[in-house]
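Proteins get letters first, then strands, A, B, ... in listed order; numbering begins at 1 in each.
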Number of protein chains: 2
Amino acid sequence: MYQRKIPIDYECGLSVAMEVVGSKWKFCLLDEISKGIKRPRDLVNAINGITKRVLQKQLSELELHGLLSKTIYPEVPLRVEYFLTPSGESLLPLISAVDQWGMGFASQLKVILEGKDSEI
Amino acid sequence: MYQRKIPIDYECGLSVAMEVVGSKWKFCLLDEISKGIKRPRDLVNAINGITKRVLQKQLSELELHGLLSKTIYPEVPLRVEYFLTPSGESLLPLISAVDQWGMGFASQLKVILEGKDSEI
DNA sequence: CAGGATCCGTCCGGATACTG
DNA sequence: CAGTATCCGGACGGATCCTG
């Protein structure tokens, strides 16, 4: 995600993984695309809080890293559809696992953060 | 990990998970601590590229979120040891899975990035 | 509509120093 | 040694504009 000085430790799986999917929205993007939302514009609408610029950047990174690919339909207006490569698909079980873990953890986090808020 | 405007979508597991472990080093930290490296100073030495300040911050966040806890030994010099809470331990399988995925993906990423380098 | 470029404010992280 | 505060430069993200 912003690791360029300690180039990337190819021996460390976590380092590699963080490099590729360590940005805020990448799991979400892969998830949404796997669900069939393929066009940039639809993704902006589907994902709460992402902006066009960031979406564009992260899509291109995912594409560069070989997790995503796209098809360009030379229509007017232009249409582009992203889809998961095999590498991207290999990540889906992990995303699902992370999502489920997060669901299970949500209640705990809620209590913790709201407790903190009330201390103000 | 800088999502404070779109507070946190507790309905979205990915959102919750990213909030808690979406920083660069958190998986690494939990991993190392689970391996028995418990003191901040040892963690700085064990993790390639992290600085004391960032370590401190991420440790405290993990502690705040209830994934980590610590024991303070009132010795001189002061000794502190972090350990995983049950929530933190529940994350280990995921970390392991991410690590393994990263290992498998490393070769592909290497080819891609080195290919890009050689284009310069 | 896709997506790249630019301007610019904000946040993050490195370095350093200080306290207990 | 652990943890916090401060200063400061650089990276990131938002808004906007432009091209195909």
Side-chain angles (χ1 to χ4, degrees), chain A residues 1-8 15 18-26 28-29 32-33 36-65 68-83 116, chain B residues 1-8 15 18-29 32-33 36-65 68-83 116 119:
Chain A
M1 74 180 137
Y2 40 88
Q3 175 166 322
R4 275 305 98 67
K5 307 160 187 179
I6 303 128
I8 288 178
S15 173
M18 290 308 287
E19 170 65 22
V20 176
V21 291
S23 298
K24 186 180 178 183
W25 304 101
K26 292 192 175 174
C28 277
L29 285 176
E32 295 294 343
I33 291 173
I37 301 179
K38 308 181 170 193
R39 304 184 62 183
R41 187 172 185 291
D42 294 333
L43 288 166
V44 172
N45 292 331
I47 300 179
N48 184 20
I50 199 169
T51 61
K52 184 191 169 193
R53 186 182 189 275
V54 174
L55 173 77
Q56 215 75 264
K57 191 189 175 200
Q58 304 213 355
L59 282 176
S60 68
E61 286 175 5
L62 288 168
E63 193 187 357
L64 167 67
H65 290 150
L68 236 46
S69 190
K70 69 179 173 183
T71 303
I72 303 176
Y73 300 86
E75 309 172 350
V76 176
L78 190 61
R79 183 162 62 103
V80 174
E81 291 189 353
Y82 285 82
F83 56 90
K116 289 292 163 182
Chain B
M1 187 59 170
Y2 36 91
Q3 172 164 320
R4 279 302 98 67
K5 308 161 187 178
I6 304 129
I8 287 179
S15 172
M18 289 308 287
E19 170 65 22
V20 176
V21 290
S23 299
K24 185 180 178 183
W25 304 101
K26 291 192 175 174
F27 274 1
C28 277
L29 285 176
E32 296 294 342
I33 292 173
I37 301 179
K38 308 180 169 191
R39 304 183 61 183
R41 186 173 184 288
D42 294 333
L43 287 166
V44 172
N45 292 329
I47 300 179
N48 183 20
I50 199 169
T51 61
K52 183 191 170 193
R53 187 181 187 277
V54 175
L55 173 76
Q56 216 75 264
K57 190 188 175 200
Q58 305 214 354
L59 282 176
S60 67
E61 287 176 5
L62 288 168
E63 192 187 356
L64 167 67
H65 290 150
L68 236 45
S69 189
K70 68 180 173 183
T71 303
I72 301 177
Y73 299 86
E75 307 172 352
V76 176
L78 191 61
R79 184 162 61 104
V80 174
E81 292 189 352
Y82 285 84
F83 56 90
K116 289 293 163 183
E119 287 178 9

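Here A:Glu61 pairs with A:Lys26 under the side-chain hydrogen bond (donor to acceptor under 3.5 Å, both in side chains) rule; sequence neighbours left out. Taking A:Thr51 as the reference, A:Arg53, A:Val54 meet the side chain to side chain contact (heavy atoms under 4.5 Å, CB included) condition, with sequence neighbours excluded. Remark: B:Arg41 pairs with no residue by the side-chain hydrogen bond (donor to acceptor under 3.5 Å, both in side chains) rule, at least two apart or across chains.
One can place CG of B:Leu43 at 14 Å from C1' of D:dG3, the figure rounded to the nearest angstrom. Between the P atom of D:dC12 and the NZ atom of B:Lys24 lies a distance of 10 Å, rounded to the nearest Å. Going from atom NZ of A:Lys26 over to atom P of D:dC12 covers 11 Å, rounded to whole Å. The interatomic distance linking A:Glu61 (CD) with D:dA11 (C1') rounds to 13 Å, in whole Å. The distance from atom NZ of B:Lys57 to atom C1' of C:dC11 is 9 Å, rounded to the nearest whole Å. In this entry the distance linking CD1 of B:Ile72 with P of D:dA2 reads 11 Å, nearest Å. The CD1 atom of B:Ile50 sits 13 Å away from the P atom of D:dA2 (whole-angstrom rounding). We find that CD1 of B:Ile37 is positioned 17 Å from C1' of D:dC1, with the value rounded to whole Å.
Residue B:Gln56 places its side chain closer to D:dT4 than to any other of D:dG13, C:dG3, D:dT4. Looking at the side chain of A:Leu78, the nearest of the listed nucleotides C:dC1, D:dA2, D:dG13 is C:dC1.
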Please list, one pair per line, the donor and acceptor atoms closer than 3.5 Å that link side chains of residues 68-78 of chain A to other protein atoms, with sequence neighbours excluded.
residue : atom : partner : partner atom : Å
A:Glu75 : OE1  : A:Arg79 : NE           : 3.1
A:Glu75 : OE2  : A:Arg79 : NE           : 3.4
A:Glu75 : OE2  : A:Arg79 : NH2          : 2.9

Table of protein N/O atoms under 3.5 Å from nucleotides 5-10 of chain C N/O atoms:
residue : atom : partner : partner atom : Å
C:dT6   : O4   : A:Arg53 : NE           : 3.3

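The phosphate of D:dG14 has OP1 or OP2 within less than 4.0 Å of a side-chain N or O from A:Thr51. For A:Arg39 and C:dA2, the shortest distance from a side-chain N or O to OP1 or OP2 is below 4.0 Å. Within the 4.0 Å cut-off from OP1 or OP2 of D:dG3, at least one side-chain nitrogen or oxygen of B:Tyr82 is found.
Nearest heavy-atom pair, B:Ile50 versus B:Leu43, reported as atom, atom and distance to 0.1 Å: CG2-O, 4.3 Å. Contact between B:Glu81 and B:Arg39 at its shortest, heavy atoms only, is CG-CG, 4.0 Å. Contact record, A:Pro40 with A:Val80: CD-O, 3.6 Å, taken as the closest heavy-atom pair. Counting all heavy atoms, side chain and backbone alike, B:Ile37 lies closest to B:Ala46 at CD1-CB, 3.6 Å. The two atoms that bring A:Tyr82 and A:Leu59 nearest to each other are CE1-CD1, 3.7 Å, heavy atoms only.
End-to-end axis angle for the helix from C:dC1-D:dG20 to C:dG20-D:dC1, using five pairs per end and rounding to 10°, comes out at 30°.
Side-chain N/O atoms of A:Lys52 and base N/O atoms of C:dG3 include a donor-acceptor pair closer than 3.5 Å.
Remark: A:Lys24 NZ to B:Ser23 OG distance equals 11.5 Å, nearest 0.5 Å.
Residue-level contact check: A:Tyr73 touches neither bases nor backbone, having no heavy atom under 4.0 Å from any strand.
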